[in-house]
Amino acid sequence: MAEKDYYSILGVSKDASDDEIKHAYRKLSKKWHPDINKAPDAEAKFKEINEAYETLSDPQKRANYDQYGSADGAGAGFGGAGGQGGFGNFDGGGGFGFDDIFSQFFGGGQQRADPSAPRQGRDLQYQMTLEFEEAIFGKKTEIKYNREAQCKTCHGTGAKPGTSPVTCSNCGGRGYVVTETNTPLGRMQSRQTCPVCHGTGKEIKEKCPTCGGRGKTDERHTLEVKVPAGIDDGQQMRLQGQGEAGDNGGPYGDLYIVFRVKPSKDFTRDGSTIYVNQDITFARAALGGKIQVKTVHGDVELKVPAGTQTGTTFRLKGKGAPRLRGNGNGDERVTVNVVTPKTLNKEQKIALKAFAKASGDNIAGKGGSNFFDKMKDAFDK
Ligand code: ZN
Ligand code: ZN
């Protein structure tokens with residue numbers, strides 16, 4: 001895939017803020033709009049600016065672009081399903097887009113409702129539940145779902161093979177009929193969808209036997225999906241063209257996979273940062289040294305300094321989840337919990353008493369057997 005540097009197209013740095021990007025886009029899109037700029041390459045330039053903005057203004061698309069070099073994400077890595085897209089938003093990215101700006105600058109474009117115009121099919125949503133580790137490392141999987149597909153017999157025309165739809169005789173192919181009525185205010189014209197062709201402008205004389213003229217059939221669709229490493233609970237991925245068939249030759253809609261990530265018994269996660277709690281002995285905390293710590297990448301050694309207090313947090317760089325935005329992994333944060341032993345054997349008890357004595361801590365008290373011994377005697381009986 002051709003790599004374009006969206007940042008240099010907009011003339012901003014890689015760490016530009018959303019406001020900087022928006023500002024750069026506003027400036028450039030005004031400068032290069034083909035209605036204003038008559039240079040021969042203005043239109044191409046304008047398109048490029050819009051493409052760059054569309055990607056960089058959407059946090060998830062931008063993250064994808066930063067990671068994979070493409071707004072559609074994973075381009076090379078995805079494979080299989082063909083035309084799989086990146087991480088999208090249902091709300092279309094929010095903020096202001098191309099249409100908003102130019103309806104302000106240029107008075108907007110009229111939308112003509114042409115019933116016979118190609119229309120994209122409906123988008124579909126699929127919820128996928130992942131194990132904690134699957135979300136971190138990604139996985140390949142196959143999903144199955146029902147959708148409306150283009151009829152394979154008539155290729156969506158609805159007409160019997162060998163025949164084709166003809167122009168509707170009732171409306172002349174316009175898809176609507178105009179009726180005139182006399183009212184006290186004068187003659188009123190009203191437009192109605194053509195009852196014969198239902199707005200398509202085409203009449204099917206001989207219907208396709210497979211779909212009955214609908215042009216679509218219900219199918220059980222199987223799709224191979226590559227879950228990207230580092231996906232998080234609630235995030236979604238857009239798979240272009242995997243939704244339902246369009247009308248009048250329009251493209252398929254998209255499939256949105258919404259991810260749910262199950263909790264882990266060992267770890268918690270916030271974005272690319274993973275948190276873990278690790279028990280350590282009182283002696284290790286006091287003397288310092290190496291401890292074994294669980295990470296999603298396997299156990300690692302962590303050196304704790306002498307005099308470590310309970311609740312202290314250490315950072316294991318790069319031992320977290322992969323970042324969707326940018327390269328590498330996040331960190332793991334290890335919080336140590338110094339454990340007071342619940343039972344002591346004889347040897348430990350002697351050692352601790354000696355320790356207490358050396359610390360000037362008079363556990364034994366004055367005269368006779370001490371509290372520990374009394375307790376022990378009580379339990380041993
Ligand atoms: Zn058909
Ligand atoms: Zn008609």
Side-chain angles (χ1 to χ4, degrees), residues 29 33-36 38 42-43 46-47 50 54 88 90-125 146-219 240-256:
S29 59
H33 193 279
D35 287 357
I36 296 170
K38 295 300 172 198
E43 196 174 347
F46 181 70
K47 272 188 185 157
N50 277 296
E54 201 186 298
F90 283 114
D91 62 10
F96 76 103
F98 168 77
D99 288 338
D100 296 348
I101 291 189
F102 289 102
S103 53
Q104 285 164 30
F105 293 167
F106 303 107
Q110 246 84 53
Q111 275 235 314
R112 225 172 294 127
D114 177 359
S116 61
R119 272 193 308 277
Q120 187 167 18
R122 273 195 301 267
D123 293 340
L124 294 175
Q125 197 189 60
N146 298 322
R147 70 165 182 177
E148 267 190 345
Q150 191 187 74
C151 173
K152 290 184 175 67
T153 307
C154 64
H155 303 290
T157 66
K160 187 177 160 186
T163 73
S164 12
V166 294
T167 303
C168 174
S169 52
N170 189 48
C171 64
R174 285 189 304 272
Y176 60 84
V177 285
V178 177
T179 52
E180 286 196 356
T181 40
N182 287 312
T183 73
L185 298 170
R187 282 168 84 78
M188 298 273 284
Q189 279 194 345
S190 69
R191 253 190 198 198
Q192 278 170 332
T193 303
C194 171
V196 173
C197 63
H198 304 289
T200 62
K202 302 255 188 253
E203 236 184 309
I204 297 164
K205 296 282 187 202
E206 289 182 84
K207 287 187 169 130
C208 165
T210 307
C211 64
R214 201 158 64 99
K216 296 175 188 178
T217 52
D218 295 323
E219 73 163 13
Q240 203 178 358
Q242 301 297 338
E244 298 201 302
D247 292 312
N248 307 318
Y252 273 81
D254 301 331
L255 175 74
Y256 287 87

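More than 12 heavy atoms of other residues, nucleotides or ligands shown are found within 6.0 angstrom of NZ on Lys38.
A distance of 7.5 Å separates CZ of Arg122 from CG of Leu124, quoted to the nearest 0.5 Å. Between atom SG of residue Cys168 and atom CD of residue Glu203 there is a gap of 4.5 Å, rounded to the nearest 0.5 Å. A distance of 10.0 Å separates CD in Gln125 from OH in Tyr256, rounded to the nearest 0.5 Å. Here CD of Glu206 is found 13.0 Å from SG of Cys154. Values are rounded to the nearest 0.5 Å. Note that OH of Tyr176 and SG of Cys171 are 9.0 Å apart. Values are rounded to the nearest 0.5 Å. For the atom pair Met188 CE and Asn182 CG, the distance stands at 11.0 Å (nearest 0.5 Å).
With a 4.5 Å cut-off on side-chain heavy atoms, Thr210 and Lys152 do not count as touching. Under the 4.5 Å side-chain criterion, counting only non-hydrogen atoms from C-beta, Pro195 is in contact with Asn170. Considering only heavy atoms from C-beta on, Asp218 stays 4.5 Å or farther from Asn146 through its side chain.
At a threshold of 4.0 Å, the pair Lys216-Glu244 does not count as salt-bridged, since none of the basic side-chain nitrogens sits closer than that to a carboxylate oxygen.
By the side chain to side chain donor-acceptor pair (under 3.5 Å) test, Ser164 is found to be paired with no residue, residues two or more places apart in sequence or in another chain being considered. With sequence neighbours excluded, no residue forms a side chain to side chain donor-acceptor pair (under 3.5 Å) with Thr157.
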What's the verdict on side chain to side chain contact (heavy atoms under 4.5 Å, CB included) for Lys205 and Val166, showing C-alpha distance, side-chain angles and the deciding distance?
-> CA-CA 8 Å; Lys205 296 282 187 202; Val166 294; 4.0 Å; yes
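Nearest approach of Ala245 to Ala149, heavy atoms of both residues: CB-C, 3.7 Å. Closest non-hydrogen pair, Thr193 versus His198, comes out as CG2-C, 3.6 Å. Here the closest heavy-atom approach between residue Ile204 and residue Ala159 is recorded as CG2-CA, 3.8 Å.
Counting only distance, with no hydrogens or angles, the side chain of Asp123 and the backbone of Asp254 share a donor-acceptor pair below 3.5 Å. In this structure, Arg119 contributes its side chain and Gly250 its backbone to no donor-acceptor pair below 3.5 Å.
When each of Gln242, Gln120, Gln150 is checked for a side chain to side chain contact (heavy atoms under 4.5 Å, CB included) with Tyr252, only Gln150 meets the rule.
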